[in-house]
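Everything quoted here is computed from the prediction, not taken from an experiment.
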Amino acid sequence: MVGQQPRWLTDDRRGYIRLLASIRDFADSFANSSPARLALFIFSAVILLFTALLSLPMSTSSGTAVPLHDAFFTAVSAVCVTGLTVVSTATYWSFFGQLVILLGIFIGGLGTLTLASLLALIVSKRLGVRGKLLAQEALNNASRLGEIGTLLRIVITTSVVIEIVLAAVLIPRFMILGEPWWQAVWHGVFYSISAFNNAGFTPHSDGLVPYETDLWILVPLMVGVFLGSLGFPVIMVLVQVRHRFSKWTLHAKLTVFVSLILLVAGTFAWGFLEWWNDRTIGTLSVADKAIHSLFASVMTRSGGFNLVDQSDMNTTTMLLTDALMFAGGGSASTAGGIKVTTIAVMFLAIVAEARGDSDVRAWGRTIPSGAMRVAISVIFMGATLVLLGSGLILAISDDPLDRVVFEVISAFATVGLSTNLSAELPPEGKYVLSALMFAGRMGTITLASALALRQRSTLYRYPDERPIIG
């Protein structure tokens, strides 16, 4: 019959449709069974994609192919918004390579599940229950399910607006300093995205050292890093209720309060320890020393920008920096570390135990015991990863312990401060640091949940018996 398709062609089309349906059903079941596992898969896929892009000869300024370990390390550092580098971002990579890095920072800062949910919202004009569950998982369950759509819009809108404002402030300064307008625009956009996402990548070969006393550049960077470290749930609260502190959520109160404490304490401690160090700030004026101290305190908790050579700091200052890096920023933010709310919950639990209180309270709210179990797990798993990573790097290299621990914590906490150890390590050492950056960005609890073979639901409970502790 004229116009009738061959039977074999019809069968092939049906088989193709069944294959697509099977793939769709598998993806749906995979996403529903474990959003954490889906996040692990998406993050891995994105990193491999950016590794492939950076491996292209057109990504380098010399036009030569990039070694796989260097391309992979840079891709992980960008997508995990860390900022550790093994080659100079400004001189080694071409404009295309730098653009790939910047795109990786932007995607990694939003979070891949957040981006996937946002794309679903744009395409379908609505966010179903599955999309809301995925977005809620990406934001560490920091919001109620009904608020997820609003939160996603705030996430993308706030990110873009803050980055545009930062770029608008920085671009005129770079033009005044003599850069061509197109270069000033590129540098302004690059620094704005890198700062808000706490990435720490710099498009200048000598970093921020030439601008170490230029407040027009330093202040916007500090503001961008600090806002990014608070986290999107906190930013949503600040946007919706602003200065009405009584209406803030407990999470927002704890995050802002502890962040400010660490900021002030870190500024005074860093400044005191480096005040007379001629290799860092010892020869500067009092005002410049204060600027350096504030800048260091902001950047050590995830920003990754630096004004002094980290290897020139005193050993005690390096230890202080280790502690601040390990603390990190807010949950569901672009910052890393164990998060300030984890520190707050553990401190409140210690205070409650010392007072003999049965409940852990803060601002008229009781913190459930489940939150304390998660806090303990995060601290223990984070410390374990740092310990294992340090042991592996020590076995691979002959570097001193303080330098190794500094680099390992910087990788795990996705900070990006470095004593240049990353560039000196052999390929296997770079893969170890890459794994730490990946684990730090995913989060220890999310990573453990993703790697678990199944979720346990216990229908019974054993009798209580308290062991002797302490």
Side-chain angles (χ1 to χ4, degrees), residues 44-109 167 170-171 174-175 177-195 197 199-211 304-306 309-311 393 396-397 399 407 410-411 414 416-435 437-438:
S44 301
V46 170
I47 288 173
L48 292 178
L49 173 63
F50 279 91
T51 300
L53 292 174
L54 291 175
S55 298
L56 299 175
M58 65 184 298
S59 295
T60 63
S61 55
S62 61
T64 58
V66 184
L68 178 61
H69 53 269
D70 288 340
F72 180 74
F73 186 95
T74 305
V76 173
S77 184
V79 175
C80 296
V81 291
T82 303
L84 284 176
T85 57
V86 291
V87 294
S88 173
T89 305
T91 60
Y92 187 84
W93 302 106
S94 63
F95 175 77
F96 175 78
Q98 293 181 21
L99 185 61
V100 170
I101 292 173
L102 194 63
L103 183 61
I105 293 171
F106 183 77
I107 293 176
L170 292 171
I171 290 172
F174 288 127
M175 295 178 66
L177 293 174
E179 294 186 1
W181 69 268
W182 55 269
Q183 191 176 55
V185 170
W186 171 244
H187 287 164
V189 171
F190 195 103
Y191 274 116
S192 65
I193 295 177
S194 184
N197 291 289
F201 282 91
T202 60
H204 290 107
S205 57
D206 44 5
L208 292 172
V209 175
Y211 316 109
F305 296 109
N306 64 284
D309 192 334
Q310 302 300 292
S311 58
I393 297 298
I396 293 170
S397 68
D399 292 276
E407 205 81 8
S410 181
T414 67
L417 295 175
S418 177
T419 59
N420 204 38
L421 178 62
S422 299
E424 300 171 3
L425 288 174
E428 53 268 27
K430 295 174 183 177
Y431 287 125
V432 171
L433 293 181
S434 298
M437 288 188 285
F438 183 83

Take Met437 and Leu84, measure what side chain to side chain contact (heavy atoms under 4.5 Å, CB included) needs, and give me the verdict at the end. CA-CA 9 Å; Met437 288 188 285; Leu84 284 176; 4.3 Å; yes

Identify the two heavy atoms, one from [X] and one from [Y], that lie closest to each other, and give their separation to 0.1 Å.
| X | Y | answer |
| --- | --- | --- |
| Thr60 | Pro57 | OG1-O, 3.1 Å |
| Phe72 | Ser434 | CE2-CB, 3.7 Å |
| Ile171 | Gly188 | CG1-CA, 3.9 Å |
| Thr51 | Ala75 | OG1-CB, 3.4 Å |
| Lys430 | Phe73 | O-CD1, 3.4 Å |
| Trp93 | Thr74 | CZ2-OG1, 3.6 Å |

Main-chain N/O of [Y] paired with [X] side-chain donor or acceptor, under 3.5 Å:
| X | Y | result |
| --- | --- | --- |
| Ser88 | Tyr92 | no |
| Asp70 | Val66 | no |
| Asp309 | Ser311 | yes |
| Ser410 | Gly416 | yes |

Roughly how far, to the nearest 0.5 Å, is [atom2] of [Y] from [atom1] of [X]?
| X | Y | atom1 | atom2 | value |
| --- | --- | --- | --- | --- |
| Met58 | Phe95 | CE | CZ | 11.0 Å |
| Ser194 | Leu102 | OG | CG | 8.0 Å |
| Ile105 | Ser77 | CD1 | OG | 8.0 Å |
| Ile101 | Thr85 | CD1 | OG1 | 9.0 Å |
| Ser397 | Glu428 | OG | CD | 10.0 Å |
| Leu417 | Thr82 | CG | OG1 | 11.0 Å |

Taking the six-membered ring for Trp and the full ring for Phe, Tyr or His, determine whether the centres of Tyr191 and Phe201 are under 6.0 Å apart.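 So the answer is no for these two rings.
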
With a 6.0 Å cut-off on ring centres, are Phe190 and His204 close enough?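 No, the ring centres sit 6.0 Å or more apart.
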
With heavy-atom distances below 4.5 Å as the criterion, would you say the side chains of [X] and [Y] are in contact?
| X | Y | value |
| --- | --- | --- |
| Phe50 | Leu103 | yes |
| Asp399 | Leu421 | yes |
| Ile393 | Leu425 | yes |

Going through the distances and angles, do Phe174 and Tyr211 end up as a side chain to side chain contact (heavy atoms under 4.5 Å, CB included)? CA-CA 10 Å; Phe174 288 127; Tyr211 316 109; 4.1 Å; yes

Show your working on side chain to side chain contact (heavy atoms under 4.5 Å, CB included) between Phe438 and Leu433 and close with a plain yes or no. CA-CA 9 Å; Phe438 183 83; Leu433 293 181; over 6 Å; no

When you compare the side chains of Ser418 and Asn420, does any donor N or O come within less than 3.5 Å of an acceptor on the partner?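 No pair is found: no donor N or O on one side chain lies under 3.5 Å from an acceptor on the other.
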
Between Glu407 and Ser422, is the side chain to side chain donor-acceptor pair (under 3.5 Å) condition met? List the steps. CA-CA 7 Å; Glu407 205 81 8; Ser422 299; 2.5 Å; yes

Decide yes or no on side chain to side chain donor-acceptor pair (under 3.5 Å) for Thr89 and Gln98, but give the supporting numbers first. CA-CA 7 Å; Thr89 305; Gln98 293 181 21; over 6 Å; no

